**Student:** 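Sharing a structure below in structure tokens format, with a few things to ask.
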Amino acid sequence: MTTPSVERALVLGEALIDVVTRPDGSRAQHPGGSPANVALGLGRLGRRVDLLTWLGHDTDGELVRRHLRGSGVNVLQGNRSALRTPVATAHIGETGAATYEFDLEWDLPETWDEDPGDPVVVHTGSIATVLQPGGTAVAKIVARRRSTSTITYDPNLRPVLMGSPAHALPVVDALVRLADVVKVSDEDLAWLHPGVAPAEIAEQWSRSGPSLVVVTHGGEGAFASTSAGARISVEAPKVQVADTVGAGDSFMGGLIDGLWSAGLLGAGRRQALADVDAATVQAVLERCARIAAITVSRAGANPPRLAELA
């Protein structure tokens with residue numbers, strides 16, 4: 001008798017070391033990277049998740065791998081790897097908001113040790129989709145996997161690495177058209193489309209391919225637009241903010257997890273996702289906001305485990 005395979009997610013994107021500097025001059029190191037943080041959040045919520053990334057076989061790389069494995073993330077092994085593990089420096093301001101500097105290269109192996117069978121969801125975003133040569137490889141994998149998996153995408157833009165909005169916009173637009181679910185911050189939209197209301201862009205995107213577009217507004221909550229015409233808003237729980245590192249990534253992980261629990265992931269469920277009702281989206285977003293609130297209440301990208309949400 002064959003044992004049925006457990007559904008899994010595949011996350012494509014950067015994993016790195018975050019060096020966090022605070023207003024008092026203190027410094028601390030944490031494993032990070034937007035897609036890696038999404039994978040971490042999914043693992044902590046009890047999901048089987050693979051991460052395809054670009055790490056060095058150095059001390060920093062082993063720290064990142066150990067950190068991810070500790071939360072149930074399977075870091076895929078490829079036929080080649082980075083010479084050294086990327087580093088991002090996050091400068092935390094007086095309000096807890098972070099600005100970033102980067103020292104990294106980004107690429108992907110040509111082959112890797114992924115298990116047979118298709119993941120129900122493929123997620124990507126941030127630096128991995130724009131920085132070359134890896135960005136082209138990510139786009140090809142996403143396009144190929146769309147026939148078998150739900151595609152989720154978070155632009156999570158880093159202007160210091162991505163140049164001008166004119167440079168990043170074609171990449172973002174192409175991935176939005178491929179995606180079934182997009183999560184984007186109001187700050188990203190203000191950079192991409194200055195002067196245009198985030199809700200207006202969300203509605204445009206939800207007519208261009210995605211079934212669900214979610215715009216996060218930090219401590220003000222989130223807004224969603226569906227291709228079926230629903231419009232949903234949720235408030236963010238009020239918490240004492242330690243810093244905002246990883247908040248959007250934990251929200252994204254919660255969004256994937258919530259849609260997974262609702263039975264809406266996998267290419268065979270694409271029509272069901274397109275027809276999703278407002279009440280389902282509302283419940284998923286309220287849980288996402290709670291997950292993000294827990295993350296910002298403590299230092300670094302430290303999303304909650306499933307038991308903390310019970």
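In this text the structure is predicted, and so the values were computed from the model without any measurement.
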**Student:** So, taking the atom named CD in E94 and the one named CZ in R22, what distance separates them when rounded to the nearest 0.5 Å?
**Tutor:**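 So the CD of E94 and the CZ of R22 are separated by 11.5 Å.
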
**Student:** Kindly compute the distance separating CG (N79) from CG (D113), expressed to the nearest 0.5 Å.
**Tutor:**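 Those atoms lie 10.5 Å apart.
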
**Student:** When rounded to the nearest 0.5 angstrom, what is the spacing between CG in D60 and CZ in R84?
**Tutor:**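 Here the rounded value is 10.0 Å.
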
**Student:** If you define the side chain from C-beta out and look only at heavy atoms, does anything of V182 sit under 4.5 Å from W205?
**Tutor:**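 When only atoms from C-beta onward are counted, W205 and V182 do touch, with a gap below 4.5 Å.
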
**Student:** To the nearest 0.5 angstrom, please state how far the CD atom of Q204 sits from the OG atom of S225.
**Tutor:**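 If we round to the nearest 0.5 Å, Q204:CD and S225:OG are 10.0 Å apart.
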
**Student:** So, N74 and D115: side-chain donor and acceptor under 3.5 Å apart, yes or no?
**Tutor:**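 No, D115 and N74 have no side-chain donor paired with an acceptor closer than 3.5 Å.
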
**Student:** Salt bridge between E203 and R231, side-chain N to carboxylate O under 4.0 Å?
**Tutor:**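 Judged by the 4.0 Å cut-off on N to carboxylate O distance, E203 and R231 do form a salt bridge.
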
**Student:** Quick check on the hydrophobic clustering: are V138 and Y153 connected, directly or via other members, by side-chain heavy-atom contacts under 4.5 Å?
**Tutor:**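 Yes; Y153 is reachable from V138 via cluster members.
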
**Student:** Quick one: do E110 and R80 make a salt bridge, cutoff under 4.0 Å?
**Tutor:**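 Looking at R80 together with E110, the answer is yes, because their closest N to O distance falls below 4.0 Å.
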
**Student:** Say you draw a straight line from CD of E235 to CG of L285; how long is it, rounded to the nearest 0.5 Å?
**Tutor:**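 Taking CD in E235 and CG in L285, the distance rounds to 13.0 Å.
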
**Student:** Check whether any side-chain N or O of T148 sits under 3.5 Å from a backbone N or O of R145 as a donor-acceptor pair, and report yes or no.
**Tutor:**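 Flag set: sc T148 to bb R145 pair under 3.5 Å.
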
**Student:** Just verifying a value: how many Å separate R146 CZ and I151 CD1, rounded to the nearest 0.5 Å?
**Tutor:**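 So the gap between those two atoms works out to 7.0 Å.
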
